Amino acid sequence: MSISKTYNPRETEDRWYQYWLKKKFFRSVPDEREPYTIVIPPPNVTGVLHMGHMLNNTIQDVLIRRARMQGKNACWVPGTDHASIATEAKVVAMLKEQGIEKKDLSREKFMEYAWEWKEKYGGIILKQLETLGASCDWDRTRFTMEEDLSDAVIDTFIHLYKKGWIYRGVRMVNWDPKGKTAVSDEEVIRKEVNQKLYYIKYYLAPGNETDQATSANKLNYLIIATTRPETIMADSAICINPNDERYQHLKGRSVYIPLIKREIPIIEDEYVDIEFGTGCLKVTPAHDLNDYELGLKHNLPVIDILNDDGTLNAEALILVGEDRFAARKKIALLLEESGHLERVDDYKSQIGFSERTDAVIEPKLSLQWFCRMDEMAKPALEYVLNGEVKLIPEKFINTYRHWMENVKDWCISRQLWWGQRIPAWYYQHEEPVIARTMEEAIEELISRSELRNSMSEVEKGVFRAQAAAEIRQDEDVVDTWFSSWLWPISVFDGFKDPDNKDINYYYPTNDLVTAPEILFFWVARMIMAGHEFRGKAPFKNVYLTGIVRDKIGRKMSKSLGNSPDPIDLIQKYGADGVRVGMLLCSPAGNDLMFDESYCEQGRNFANKVWNAFRLVKGWEIDQSLENSNSTAINWFDSRFNEALVQIENNYHQYRLSESLMEVYKLVWDDFCSWYLEMIKPAYQQPIDPETFSATLEFFERILKLLHPFMPFITEELWHDEIFGQRTEEDCCIVAAYPVSGAINEDLLKDFGAIKQVVSEIRNIRSSKQISPKEALTLHVKVGSVINYNDYNDVISKLANISEFTRVTDKVSGASSFLVGTDEFFIPMTSNIDVEAERERITKEVEYLKGFLKSVDAKLSNERFIQNAKPEIIENERKKKADAEAKILILEENLQSL
RNA sequence: GGGAGAUUAGCUCAGCUGGUUCAGAGCAUCUGCCUUACCAGCAGAGGGUCACUGGUUCGAACCCAGUAUCUCCCACCA
């Protein structure tokens, strides 16, 4: 049976994934083992896999697979987020395509459509995770809007309301005119945008005589600079700085708003920056946060001229019904025509955009629900500062602290339907009742009335009936993050059943892997919720991944079209190849400049492993043969253990890409290029049984190290008959992860020299154009403690040496080289180029002398001797001795030439 | 405007407590090889004033100060 020359991922991946599922290897239930838990950052239920997910989930899978192999009870909880704005927007768009407008639908009907949509597209992203190899416990898949999780949201709301941490009030909020909902501060993305700054004339209204006199030579208008001319109809005042020399004559006067001729007062406030623009500010309380506050201070009317969808309403008097941006252009035109527009400048400024819909955010005054953050922020900050929750990389601690110390109340109501409806009930002029159900709300109303006047049972009955007919539930839903922040608790039913086996076992979870962009949105709030509802932070480590960018540093995004489809990549390079490619270019905590060539490298690596296997697989065993490779075997064993220490080290610091690179080099260089080459029998020769079984042993260990990174190929090879008959449960995915054993330092050190010897010989071959097939003679004049007898076979094989002898004198007519203080000679059949040789040696001597000089300078420097640590000085002395010995040998060589 | 981080080979990055693990790795490049595991490969080689300028020190990629460039986060200047 012949094996393909290249590894073909498509033949193996799905097969093994199905096998793992069948064997329930991903399944976790509480037992006596130590738990290792990760909850997935739930992707949007309607989303599709992008490169960010890919990176994120690869990392999680590596961590979870390693933990599983280490014998921990590994549990990776998957699920999706209902993503209210995003999903609702998609559903609305989908309906529109079918000619259905949301406003024509009842809430119930709309929800029906939405659920239908969710059922249809909801599973896609999770299916895609499977192709990546994600070993999630699918039996635990949760959805943030399923019944239990929704109940948790409502209970949480009630709990916080009772604590006084949730309140309702009129505030300036970030309004998304596209989504027609309020959004939180964190959902507003600021971007710098090229704009126009319009300089608009506001003519003065007639004032009193004396003012007229003093300002005779002054203009009869003032100029306002604004980026938003369409809001002039909402102006309530003009504000100047009282200290502004230029405008003393304006005090107490008023102006007319252009076009609509409404008279508004000129007020004074030091808030106004004299330097900026014209030093005059139009105050528009309804459409700017600062102006709103200024308005409160000066008791100005609030004139809201915008509809929820961003069009002008009747209050605007003109351009009613026009969109705000269209209105801006038109009004500029009108102003110009009427002589009110002085000039227009280009201007750059920061504008807020909705994270979800990308619409320009409109500051809007509205009645919303808020959640107080200050009390919850304190302990949440403490967890991170005292290290109970570690942020990786640590640089995020500062950012986290800054946010927590300046946290503002969280606007949690959204004017949407897709989500958990706010459990507030309104009845006549009563204060809203916060209750789980209408029935409970009515009972609450009854007990309120009880306080005022007792009710008979009959009266209560009448009241119930009446209230049931009139009571109305709040129309809004809560922010999606108001459910996501409960995720690490709610996925284990920690609200429904706070003392259940799962939550007690899995909570707090171990690692959270997520993007730094949602540190505040999500991570910080999860810590708050964890403390508030469980008294413990929800995880111990937060690994913040980088952002996936393209080769030239742009963030990968759908709109730029610079993001490859991860599924295509998997098709092309195999899941293992893509996973490796992903990790190769993701330094811990930094953004990664992704390029497809990394996947190629990953694929090549898989192929290398595959071919190493093919080699071993092809060997015949001759039971009568003695083991002639014990040196090589001992060396690789030590080398493996040495590498494993490094690998573990990197894992502990979450430096996965370095762990991977260490494994990569161990496999490619040490195992394939050195070990296998050392033990490889000559063509069509059999191998001895001891070497063979040692090699299989190593191969298994390597597969285990590789498995978290490359689950599919490792599982495929694991089951080859070469390893003997395996039981159905004996799989790489659950094989015991290697533990580092003894390391023979001396052997490793010797091998360093041996490798050098081999390299030097290969070098001589290549520079003298001697074919690798031509066997050479090698002599060594030993100056070190290395016993070359032990390495006779190894050197002979790797460098194709037919005769390797020790000599006590220099060999003439030979190419020579030095390894440490050991001299090697290769007798040459052709004449040695004496000049070239002399030049080479002279160069080396020169270098060594220079080196020696610098060492001598150090050693003769008294201050160095006084200040440096003894071991450093000792080291310098050794360097000196080494250099001197080498120089001596080389100079002798020069002589003998 | 405030804060954080970065700058090391063509590219992506390591470089822990200043001292031969101190200038490294992988990829790419160049030069040889179709050496029957692998051309998705093998064997070699080249490549860097460690952003710049000063300082501290016996000694600096590493510590300090300043400069430049870049990235990110936060912030209501019309």
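Quick caveat, the model's predicted, so the values are computed rather than measured.
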Could you walk me through whether Y292(A) and T284(A) pass the side chain to side chain donor-acceptor pair (under 3.5 Å) test, one step at a time? CA-CA 7 Å; Y292(A) 174 66; T284(A) 321; over 6 Å; no
Stepwise side chain to side chain contact (heavy atoms under 4.5 Å, CB included) check, L852(A) with E884(A): CA-CA 7 Å; L852(A) 187 62; E884(A) 282 171 344; 3.9 Å; yes
Check against side chain to side chain contact (heavy atoms under 4.5 Å, CB included), L281(A) and T226(A): CA-CA 8 Å; L281(A) 172 73; T226(A) 179; over 6 Å; no
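Using a 4.0 Å cut-off, no side-chain N or O of K5(A) falls inside it from OP1 or OP2 of rG41(B). Between S759(A) and the phosphate of rA43(B), there is no side-chain N or O to OP1/OP2 separation shorter than 4.0 Å. Using a 4.0 Å cut-off, some side-chain N or O of W668(A) falls inside it from OP1 or OP2 of rC42(B).
Nearest nucleotide to the side chain of Y664(A), out of rG26(B), rC74(B), rG44(B): rG26(B). Comparing rC38(B), rA14(B), rC58(B) by their nearest atom to the side chain of E658(A) picks out rA14(B). Relative to the side chain of N398(A), the nucleotides rC74(B), rA4(B), rU36(B) differ in distance, and rA4(B) lies closest. In the set rC73(B), rG26(B), rA4(B), the nucleotide with an atom closest to the side chain of F520(A) is rC73(B). Side-chain proximity of R614(A) to the nucleotides rC58(B), rA4(B), rC38(B) is greatest for rC38(B). Taking every side-chain heavy atom of H402(A) into account, rC74(B) is the closest of rG26(B), rG19(B), rC74(B). The side chain of K680(A) sits closest to rA37(B) out of rA37(B), rG19(B), rC72(B). For T6(A), whose side chain is taken as the heavy atoms from C-beta onward, the closest listed nucleotide among rG44(B), rU12(B), rA40(B) is rA40(B). Set against rG26(B), rA40(B), rC58(B), the side chain of N861(A) has rC58(B) as its closest nucleotide. Taking every side-chain heavy atom of I872(A) into account, rG19(B) is the closest of rG26(B), rG19(B), rA37(B).
When all heavy atoms of Y247(A) and T278(A) are compared, the pair lying nearest together is OH-O, 2.5 Å.
For the 3.5 Å distance criterion, the side chains of T6(A) and N607(A) fail to qualify, holding no donor opposite an acceptor. With hydrogens and angles left out, the side-chain atoms of D273(A) and N241(A) include no donor and acceptor closer than 3.5 Å. Using a 3.5 Å distance cut-off with no hydrogens or angles, the side chains of S759(A) and Q756(A) do not pair a donor with an acceptor.
Using a 30° and 60° split on the angle between ring planes, F671(A) and F698(A) fall in the perpendicular class, above 60°. Between F692(A) and W619(A), the ring planes are perpendicular. Angles over 60° get that label, and only those under 30° would be called parallel.
Rounded to whole Å, the distance from CZ on F751(A) to C1' on rU21(B) is 20 Å. Taking atom CG of residue L656(A) and atom P of nucleotide rA14(B), one finds them 14 Å apart after rounding to whole Å. The nearest whole Å value for the distance from the CD atom in Q601(A) to the P atom in rU12(B) is 14 Å. Rounded to whole Å, atom P of rG15(B) lies 12 Å from atom CG of N649(A). As rounded to whole Å, 14 Å separates atom P of rA40(B) from atom NZ of K572(A). Taking atom CG on L776(A) and atom P on rU35(B), their separation rounds to 19 Å, with Å as the unit.
To the nearest whole angstrom, the two C1' atoms, one in rU31(B) and one in rU69(B), are 38 Å apart. Nucleotides rC22(B) and rG15(B) have their P atoms positioned 15 Å apart, rounded to a whole Å. Using P as the reference atom, rC64(B) and rU21(B) are 24 Å apart when rounded to the nearest Å. Rounded to a whole angstrom, the distance from the P atom of rC62(B) to that of rA51(B) is 8 Å. Between rC38(B) and rC13(B), the two P atoms lie 35 Å apart (nearest whole Å). Between the C1' atoms of rU56(B) and rC63(B), the separation comes to 8 Å (whole Å). When the P atom is used for both rU12(B) and rC74(B), the distance is 26 Å, rounded to whole Å. A gap of 40 Å separates the P atoms of rG5(B) and rG41(B), to the nearest Å.
Using a 4.0 Å heavy-atom criterion, one finds that N763(A) contacts the sugar-phosphate atoms exclusively. Base contact: K879(A) has a heavy atom under 4.0 Å from a base atom. If you check every strand for non-hydrogen atoms under 4.0 Å, F613(A) touches nothing.
Applying the 3.5 Å distance criterion, the base of rA43(B) shares no donor-acceptor pair with the side chain of R762(A). Remark: the K608(A) side chain and the rC38(B) base include a donor-acceptor N/O pair separated by less than 3.5 Å. Between the side chain of E677(A) and the base of rA43(B), no donor-acceptor pair under 3.5 Å is found.
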Kindly express the pairing pattern of RNA chain B in dot-bracket notation, using | wherever a base pairs with another strand and counting only Watson-Crick or G-U pairs under 3.5 Å. (((((((..((((.....[....)))).(((((.......))))).....(((((..]....))))))))))))....
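Looking at K572(A) and E600(A), no side-chain N of the basic residue comes within less than 4.0 Å of a carboxylate O on the acidic one, giving no salt bridge.
Relative to the ring axis of W674(A), R762(A) places its NZ or CZ within 45° and under 6.0 Å from the centre. For the pair R603(A) and Y573(A), the NZ or CZ position fails the cation-pi test of under 6.0 Å to the six-membered ring centre and within 45 degrees of the ring normal.
For the pair R603(A) and N611(A), nearest-nucleotide mapping onto RNA chain B gives the more 5' position to N611(A).
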Distances under 3.5 Å only, N/O to N/O: pair up the protein atoms with those of nucleotides 76-78 of chain B.
| from | atom 1 | to | atom 2 | distance (Å) |
| --- | --- | --- | --- | --- |
| rC76(B) | O2' | N290(A) | ND2 | 3.1 |
| rC76(B) | N1 | N290(A) | OD1 | 3.1 |
| rC76(B) | O2 | N290(A) | OD1 | 2.5 |
| rC76(B) | O2 | N290(A) | ND2 | 2.9 |
| rC76(B) | N3 | N290(A) | OD1 | 3.3 |
| rC77(B) | N3 | D273(A) | OD2 | 2.9 |
| rA78(B) | OP2 | Y347(A) | OH | 2.7 |
| rA78(B) | O2' | A225(A) | O | 3.2 |
| rA78(B) | N6 | D273(A) | O | 2.6 |
| rA78(B) | N6 | F276(A) | O | 3.1 |
| rA78(B) | N1 | D273(A) | N | 3.3 |

